[in-house]
Structures are given as C-alpha cells and as structure tokens.
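Here the structure is laid out as structure tokens; the discussion comes afterwards.
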Amino acid sequence: MDTPRCRSALTPPPATVMGRSSRLARKQRVAPAASIPMDPALDDAWAKKMYPAEDTTAHADRDVFGGHGMFEDMQPLIFIMALSGMIPVSFRPLRVSFHPLRSTLVLCVLYSALSLWSASRLLLWRPESERAEGDALALETRSFSSLVNSVHLGGLSMLPLLWWEARYARRNEALAAGLMAQFSHLRRRCWVARAACYVMAAVSLVVSPLAVAVWMTVVSGKNTHWSHMFVNHHVVNMEVCVTCLIFCLFHCVKNFAEDLSTAMVKELYLPYAPPCRVVAFRRAWLSLRDLTQGLLFMPLTTIALMLFVLLMFTLNAYMCLGNLLDGHVGLASVIFVIGTSIMLQLLIICDAVQRARDAVSKGFLQPLELFCTLTSIHETTSDEIHNFREIVASSPVIVSAAGFWEIDRRSISSILAASVGYLIVIIQFRSDSPECPTNGFRNDTATTVN
C-alpha cells in the first residue's frame with residue numbers, strides 16, 4: 001500500500017540505471033548490520049508492513065482473463081467480440097460462458113449460421129464470365145480460383161478454434177492473482193491497451209464494412225453477390241479481433257513487468273534493503289516468466305491466423321503484380337493497400353510479443369548486473385542479488401504457439417521469405433499455362449477479401 005511512510009522511504013533513484021554505477025557507489029551508504037533485518041520473521045513482518053496484501057476479488061469479476069486487474073482494461077474488446085458473435089460471454093461476472101440464457105451464446109450461434117449461409121452462397125456462386133464462356137476457361141484457372149476461395153473460407157476455421165480455446169482464458173489466474181495480491185500497488189491503467197480496444201471498435205463498426213464494400217465494388221465488380229458480404233465481414237472481424245487480443249494481452253504484461261522492475265530498483269537503492277525483498281522479487285519474476293510463456297492460451301487459433309495471413313498476403317501480392325503488369329494501376333493500388341494491412345497484423349503480433357519478452361528478461365537482467373558490481377550492499381542481500389541474476393540469465397523467456405512456432409520479430413522475416421517463395425511458384429505455374437487468361441483469373445479471385 002502506498003503510504004506516506006513508504007513514499008518517504010522509497011527515495012527515487014537516478015533517471016537511468018545503466019551507466020551510473022560510479023554515482024551510485026558514491027551515494028550508496030553501508031548500513032550497520034543491526035539495522036538490516038536478517039531474521040525471516042522480521043523480514044516477513046517488514047514486507048507486510050511495506051506492502052500489505054490486497055483483496056483482488058472485485059477486480060477478478062471484471063477481468064475475463066483472470067488477471068485480477070492486470071487485464072481489466074481489455075473490457076471494451078471483450079464486449080465487441082461478444083456483440084460480434086465471436087465469443088459467448090456472460091457479463092455478471094465477466095466470463096467466457098456457454099450458458100444459453102446467461103450469455104451471448106444465442107447471438108453467437110445466429111452470427112455463425114448467417115456466416116455459414118453466406119459461405120455456402122460463395123462456394124456455389126458462378127461468376128458471370130464463367131456463365132458466358134462455359135468451358136472456355138482453362139481447368140487450371142478454375143482450380144486456382146477454387147484454391148483462393150478455399151483459403152478465404154478457411155478463415156472461418158478460426159471461429160470453432162476460438163470457441164474451443166476460449167475455455168482456457170483463465171488458466172493463468174493463479175499466477176496473476178499471486179502477483180497482483182503481492183504487488184497491488186503496481187496496478188495502473190494500461191492506456192495503450194484501452195486505446196487499442198477503442199480503435200478495434202472503430203475498425204469493427206466502420207472500417208471493416210467499408211473495406212469489404214470497397215473490395216466487392218472496386219475489385220470484384222459484377223462477379224460477386226451481396227450475400228457474400230456477411231462471411232467476408234465476419235472473417236475480417238475475426239482476424240482483426242484476434243490480433244488486437246494478442247497485442248493487448250502482451251502489452252499489459254509488459255507494463256506490469258516494467259513497473260515491477262522499477263519497484264525492484266527503487267528498493268535495492270535503499271541502504272537497508274533486506275534480502276527478503278530480493279527473494280520476493282525473484283519469486284515474482286518466476287511467476288511473471290511463467291505467465292508470459294503461457295499467455296498465448298489460444299495457440300491453434302494463432303497458428304490458423306498466421307497461415308491465413310501468409311496465404312492471403314501471397315495471393316494479394318500476386319493479384320497486385322498481375323494488375324500492375326496489365327496496366328491497371330488503380331486496382332493494383334487498392335489490392336496493395338489491402339495486402340499491406342494484412343501483413344501489418346503479423347507485425348503487430350510479433351512486435352508485442354517481443355516487447356513483452358524484453359521487458360521480462362532484459363528489463364530485470366540489466367539492473368541486476370549493475371547491482372552485482374556494487375560493494376556497498378550487505379553481503380546477504382548481495383548473495384541474493386547474484387542468485388537472482390543467475391536465474392534470470394539462465395532462464396530465457398520463450399513464447400510459442402503450442403511448441404510449433406516461436407514468436408518474435410524474426411518470425412516476420414521467415415513469413416516474408418515463405419510468402420516470396422510461394423509467389424514465385426504461383427508465377428511459375430501461371431507462366432507455364434498460356435491458356436490461362438489474365439482477366440479471367442483476376443475476376444475469379446476477386447471474390448476474396450484480404
């Protein structure tokens with residue numbers, strides 16, 4: 001609890017930790033051994049007096065992910081996903097629930113049925129060019145068109161996966177509850193996550209329908225039907241919502257890790273910092289590391305999203321290149337903007353995960369390495385700091401999708417390389433088939449979105 005006594009005791013350190021070891025060595029004073037509590041009972045009493053535990057039950061009722069306040073700012077995103085028919089939730093308390101009367105399950109079923117009806121219409125739809133020409137189109141063109149539609153409709157596979165894995169949204173509740181109860185004074189609003197949720201609301205209500213309408217009007221033209229809009233809009237909303245969900249989760253963890261590292265540095269600057277606090281921060285770091293590594297509670301949905309983004313970005317790049325070579329610069333520009341927005345989702349996910357990993361690992365390792373070089377700290381406290389530093393240095397934070405794929409910034413280059421390889425193969429197949437008309441291919445593939 002932030003009391004006046006605590007604020008007077010926790011004098012703020014210099015602005016930066018690294019690069020000021022000489023100033024810290026001059027300012028740090030060696031406290032007498034009697035002034036440092038070494039008895040475990042005294043250590044616990046000192047810790048409870050400095051930071052008394054707080055009941056986080058009220059925050060848990062407003063946190064659908066069991067963060068006891070850590071993920072409370074993500075409420076707008078959960079409301080949007082519930083009202084859009086993506087996740088069935090109950091609102092009092094806020095939980096993922098499949099109860100037919102106390103949750104939004106009926107609304108989700110209606111949205112899913114409408115999307116499946118629209119998907120069936122898309123599969124059975126024959127463009128006007130195919131009706132007019134009959135068998136004049138090459139078999140390769142039809143096969144490729146079927147592949148594009150299959151990839152696009154495959155985005156609906158994220159919906160049952162999201163429903164199945166939403167049951168594990170609170171699997172990290174024990175770790176988050178322990179951290180928030182012990183360090184409740186670190187709770188602060190995550191304005192970036194809340195702003196991202198409101199931006200997601202604007203995208204879901206305005207940008208997504210507008211993008212679908214532009215695609216169907218400008219790109220598809222007469223080779224589409226109004227009934228295809230529902231499945232297109234639902235797939236676009238799903239991929240954007242899942243991207244925003246992953247971004248907000250890891251950004252909230254990054255904020256808490258930065259606050260925890262700052263609190264640790266402030267306490268280690270005290271001349272009477274007891275070793276029990278170093279032990280408490282070490283245990284908190286272990287819980288935070290496990291929370292970060294298990295934060296991706298929907299690995300199958302994430303893998304489906306990444307495959308969908310990879311294939312759709314490749315096909316959009318191919319359509320953009322084909323229209324640009326044919327002289328349709330305006331149409332190629334529209335397709336380029338859509339393809340860039342698809343790759344932007346992958347960039348947001350990988351960057352958010354990398355920032356959280358750096359905050360948990362490097363954010364603690366660099367201050368601990370500085371304090372290990374100081375000789376003005378008590379011997380027992382110094383031993384605990386050295387142990388803490390060895391644990392952080394030997395325990396890398398790894399975030400993966402069910403062990404199949406490790407997520408970091410290097411994943412972007414890997415997916416781009418795979419996309420370029422697929423693009424070369426597609427161009428090679430098209431160049432080997434002189435019967436395949438360019439306009440027919442573009443019209444057949446125009447029924448896809450993103």
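- For the atom pair Asp290 CG and Leu179 CG, the distance stands at 9.5 Å (nearest 0.5 Å).
- Distance alone, capped at 3.5 Å, is enough to place a donor-acceptor pair between the Trp285 side chain and the Val360 backbone.
- Few gaps surround CZ on Arg167; more than 12 heavy atoms of other groups in view lie less than 6.0 Å from it.
- Taken from CG in Leu105 to OG in Ser112, the straight-line distance is 9.0 Å, to the nearest 0.5 Å.
- The two residues Leu268 and Val278 make their nearest non-hydrogen contact at CD2-CG2, 3.7 Å.
- Considering only heavy atoms from C-beta on, Ser103 stays 4.5 Å or farther from Val89 through its side chain.
- Leu296 has its side chain within reach of Phe250: a pair of non-hydrogen atoms, C-beta onward, lies under 4.5 Å apart.
- Between His234 and Phe230, the gap from one ring centroid to the other reaches at least 6.0 Å.
- You'll find the ring centres of Phe281 and Phe183 inside the 6.0 Å limit.
- Arg357 places a side-chain N or O within donor-acceptor distance of the main-chain N or O of Val397, the cut-off being under 3.5 Å.
- A donor-acceptor pair is defined here as one N or O able to donate and one able to accept, closer than 3.5 Å; no such pair exists between the side chain of Asp351 and the backbone of Leu347.
- Taking both residues in full, the closest heavy atoms of Cys350 and Ser411 are given as SG-CB, 3.9 Å, listed atom of the first, atom of the second, then distance.
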side-chain contact (heavy atoms from CB on, under 4.5 Å) for Ile349 and Phe247? Distances and angles first, verdict last.
CA-CA 6 Å; Ile349 292 177; Phe247 168 78; over 6 Å; no

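- Side-chain contact between Thr292 and Lys254 is absent, with no heavy atoms from C-beta onward closer than 4.5 Å.
- Shown here is Arg283, whose CZ atom has no more than 12 heavy atoms of other residues, nucleotides or ligands within 6.0 Å.
- Side chain of Asn172 to main chain of Gly294: a donor-acceptor pair is present (N/O by atom type, distance under 3.5 Å, no hydrogens or angles).
- Counting heavy-atom neighbours within 6.0 Å of Arg355 CZ, excluding the residue itself, gives a total of 12 or less.
- When the shell of 6.0 Å around CZ of Arg410 is examined, it contains 12 or fewer heavy atoms from other residues, nucleotides or ligands.
- Looking only at side-chain heavy atoms (C-beta outward), Val337 and Ser341 stay at 4.5 Å or farther from each other.
- Looking at heavy atoms from C-beta onward, Phe336 lies out of side-chain contact with Ile338 at the 4.5 angstrom threshold.
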For a side-chain contact (heavy atoms from CB on, under 4.5 Å) check, start with the C-alpha distance between Trp163 and Cys108, then their side-chain angles and the critical distance, and finish with the verdict.
CA-CA 10 Å; Trp163 282 28; Cys108 292; 3.3 Å; yes

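- Ring centroid separation for the pair Phe91 and Phe79 comes in under the 6.0 Å cut-off.
- Checking side-chain atoms of Glu406 against main-chain N and O of Ser400 turns up no donor-acceptor pair under 3.5 Å.
- Here the straight-line distance linking atom CD of Glu258 with atom CG of Leu260 works out to 11.0 Å at 0.5 Å rounding.
- With 3.5 Å as the limit, one finds a donor-acceptor pair spanning the side chains of Thr301 and Glu165.
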With side-chain contact (heavy atoms from CB on, under 4.5 Å) as the criterion, how do Leu288 and Phe364 come out once you've worked through the C-alpha distance, each side chain's angles and the decisive distance to 0.1 Å?
CA-CA 11 Å; Leu288 185 61; Phe364 285 83; 4.3 Å; yes

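- Nearest heavy-atom pair, Leu295 versus Phe71, reported as atom, atom and distance to 0.1 Å: CD1-CZ, 3.7 Å.
- One N or O on the side chain of Ser118 and one on the backbone of Val231 form a donor-acceptor pair closer than 3.5 Å.
- Between the side chain of Ser261 and the main chain of Met264, no donor-acceptor pair closer than 3.5 Å is present.
- Remark: Arg389 does not engage Glu384 in a salt bridge, criterion side-chain N to carboxylate O under 4.0 Å.
- The heavy-atom pair separating Asn237 from Ser84 by the smallest distance is ND2-OG, 4.4 Å.
- The distance from atom SG of Cys241 to atom CG of Leu305, rounded to the nearest 0.5 Å, is 11.0 Å.
- At a threshold of 4.5 Å between non-hydrogen side-chain atoms, the residues Trp191 and Asp73 do not count as touching.
- Remark: of the listed residues Ile415, Ile342, Leu346, Ile342 is the sole one forming a side-chain contact (heavy atoms from CB on, under 4.5 Å) with Phe313.
- Atom-to-atom distance recorded for Leu162:CG and Thr302:OG1 is 9.5 Å, nearest 0.5 angstrom.
- Counting heavy atoms from C-beta on, the side chains of Leu416 and Met343 come closer than 4.5 Å.
- Counting only heavy atoms from C-beta outward, the side chains of Pro88 and Ser97 never approach each other to under 4.5 Å.
- Rounding to the nearest 0.5 Å gives a distance of 11.5 Å between CE of Met74 and NE2 of His251.
- Across every non-hydrogen atom of Pro209 and His233, the tightest pair is CG-NE2, 3.5 Å.
- Counted within 6.0 Å of CH2 on Trp117, heavy atoms from surrounding residues, nucleotides or ligands total more than 12; the atom is thus considered enclosed.
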Arg194 vs Glu72, test: salt bridge (charged side-chain N to carboxylate O under 4.0 Å, His left out). Steps then yes/no.
CA-CA 9 Å; Arg194 183 167 285 268; Glu72 189 175 350; over 6 Å; no

Might you work through the side-chain contact (heavy atoms from CB on, under 4.5 Å) test for Leu249 and Ile246, ending with a clear yes or no?
CA-CA 5 Å; Leu249 284 173; Ile246 297 175; 5.7 Å; no

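- The shortest heavy-atom contact between Met238 and Met86 is N-CE, 3.6 Å.
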